[in-house]
Amino acid sequence: MTGSIAQRFGPRLAERRAQALYRQRPIVSSPQGVTMVVNGQPYINFCANDYLGLASHAAIKQVLAADSTAGWGSGAAHLVTGHHEYHHQLELALAEWLGVERALLFSTGYMANLAVQQTLLQAGDLIVGDKLNHASLIDGALASAAAFKRYPHLDYQALARRLERAEGQSMIVTDSVFSMDGDLADIVALAKLAHEHQAWLLVDDAHAMGVLGEQGRGSFSYFGLTPAADHVLMGTFGKAFGTSGAFVAGSEVLIESLIQFARPFIYTTAMSPLNALATLKALELVMEGDDLRAQLNANIAQLRSGLSALGLDLTASQSAIQPVLCASSEQALAWSEQLKHQGFWVAAIRPPTVAQARLRITLSAEHHPEQIARLIEAFADITKQ
Ligand SMILES: *Cc1c(COP(=O)(O)O)cnc(C)c1O
């Protein structure tokens with residue numbers, strides 16, 4: 001059918017509005033931090049992914065201000081002249097930190113997830129992913145030539161059955177910390193299944209990197225593992241590192257294959273070299289960040305105990321992502337609005353992003369216990385109404 005864009009999308013936009021699912025972009029006019037100015041009003045921010053408070057860290061600003069080796073733009077793709085020595089140093093530092101042979105930078109995590117699945121898998125192969133995987137993992141699977149099957153969230157028996165039936169090469173794909181529920185995949189169980197079925201394993205550590213494991217090395221370290229030859233570890237800088245971009249870490253042959261064949265790596269401009277420099281500094285702060293991680297964990301414990309005492313519906317999450325499940329999208333929006341009136345910015349996450357509407361609270365090491373206590377009080381007011 002032919003027609004105008006307005007004819008196609010007018011009814012869809014109207015339907016979204018009617019279902020309380022219409023999305024809007026709040027405008028931020030302050031640095032990212034626990035206190036922020038959003039839509040012209042000051043708020044205590046409880047929905048950023050800046051888990052260690054590095055996004056506006058003074059030490060990173062200082063390093064950037066003092067630099068004279070890089071400009072803002074990279075000017076080209078990595079394979080042309082965009083690969084600055086700061087990018088290279090960051091890749092070497094990441095590989096050493098994680099105990100793997102190599103690491104490779106990507107401009108975004110979304111592109112890294114696309115690249116790995118599109119490049120490594122071919123027709124006749126099978127990608128098996130957790131039902132609650134991040135949208136970028138799902139899109140990456142759909143963009144590859146492999147067949148794509150999903151298993152119920154954390155149901156590794158169902159996963160094993162799918163692997164048993166696979167004929168070609170298969171790859172297990174999972175978030176470690178799930179982005180909308182905050183719970184954790186069992187990397188030991190997954191590595192064992194992968195081994196038994198000669199499957200490859202892709203772990204998306206966006207919400208674990210910097211937060212879990214020794215020195216914040218992420219989920220493998222948390223479970224006492226280092227990535228093996230057929231493991232692909234993906235991490236992002238947009239969360240705990242407080243910058244932006246992403247990387248894939250693993251074997252020499254994995255990384256060289258991505259450099260030669262991964263279209264989302266080859267055909268795009270390299271991230272700003274100053275972003276790579278900022279991320280190098282962020283990596284140092286992450287490595288030295290045991291105090292930050294201890295504070296974050298204390299904040300998580302405080303929030304969970306306060307909210308569960310109010311009888312709110314929490315998930316099994318022990319991570320910085322602490323969703324409060326809601327009865328409907330309308331309730332999630334109403335609660336989010338009421339919290340805004342009290343000075344707290346907490347995002348309502350609704351279908352189709354999640355099956356059940358929720359307030360997705362995220363915590364940072366930067367939150368003061370007093371701010372968390374005030375958020376719990378605000379919830380107490382809301383649930384009384
Ligand atoms: C944020 C996120 C991504 C995407 O990373 P970007 O760098 O923001 O594109 C991928 N996977 C998960 C689980 C995420 O939370």
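In listed order, ligands and their atoms are each counted from 1.
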Quiz item: Considering residues, nucleotides and ligands other than Arg12, do more than 12 of their heavy atoms fall under 6.0 Å from its CZ?
Solution: no
Quiz prompt | Ligand-side contact atoms (ligand 1) for residue partner Tyr110, heavy atom cut-off under 4.0 Å | solution = 4 (C), 5 (O), 6 (P), 9 (O)
Quiz prompt | CD/Glu256: more than 12 non-hydrogen atoms of other groups inside 6.0 Å | solution = yes
Quiz item: How long is the gap from CD on Gln322 to OG1 on Thr362, to the nearest 0.5 Å?
Solution: 10.0 Å
Quiz prompt | Subset of ligand 1 atoms that lie under 4.0 Å from at least one heavy atom of Ser136 | solution = 10 (C), 11 (N)
Quiz item: Below 3.5 angstrom, do we get any N/O pair linking Ser179 and ligand 1?
Solution: no
Exercise. Determine, using heavy atoms of Gly238 and all atoms of ligand 1, whether some pair is separated by less than 4.0 Å.
Key: no
Exercise. Pull out every atom of ligand 1 sitting under 4.0 Å from any heavy atom of Asp204, numbered as shown with elements.
Key: 10 (C), 11 (N), 12 (C), 13 (C)
Quiz item: For ligand 1, is there an N or O atom under 3.5 Å from any N or O atom of Gly109?
Solution: yes
Quiz prompt | Pair Lys131 + Asp155, salt bridge at N-O below 4.0 Å | solution = no
Self-check item: Contacting atoms of ligand 1, where contact means under 4.0 angstrom from a heavy atom of Thr236
Solution: 5 (O)
Quiz prompt | Hydrophobic cluster membership, Val232 vs Leu193, 4.5 Å side-chain cutoff | solution = no
Quiz prompt | Neighbour count >12 (heavy atoms, 6.0 Å) for atom CD, Glu330 | solution = yes
Quiz item: Can an N or O of Asp175 be found at a distance shorter than 3.5 Å from an N or O of ligand 1?
Solution: no
Exercise. Could you point out which residue of Asn113, Asp175, Thr236, Thr108 forms a side chain to side chain donor-acceptor pair (under 3.5 Å) with Ser136?
Key: Asn113
Quiz item: Less than 4.0 Å between a side-chain N and a carboxylate O, is that true for Lys340 and Glu337?
Solution: yes
Quiz item: For ligand 1, does His207 get within less than 4.0 Å through its side chain, its backbone, both, or neither, judged by non-hydrogen atoms?
Solution: side chain
Exercise. Mark up the atoms of ligand 1 that fall under 4.0 Å of a heavy atom belonging to Ala206, in ascending order.
Key: 2 (C), 11 (N), 12 (C), 13 (C), 14 (C), 15 (O)
Quiz item: Can you find a non-hydrogen atom of Lys239 under 4.0 Å from ligand 1?
Solution: yes
Exercise. List the closest protein heavy-atom neighbour of atom 3 (C) of ligand 1: residue, atom name, distance to the nearest 0.1 Å.
Key: His134 CE1, 3.5 Å
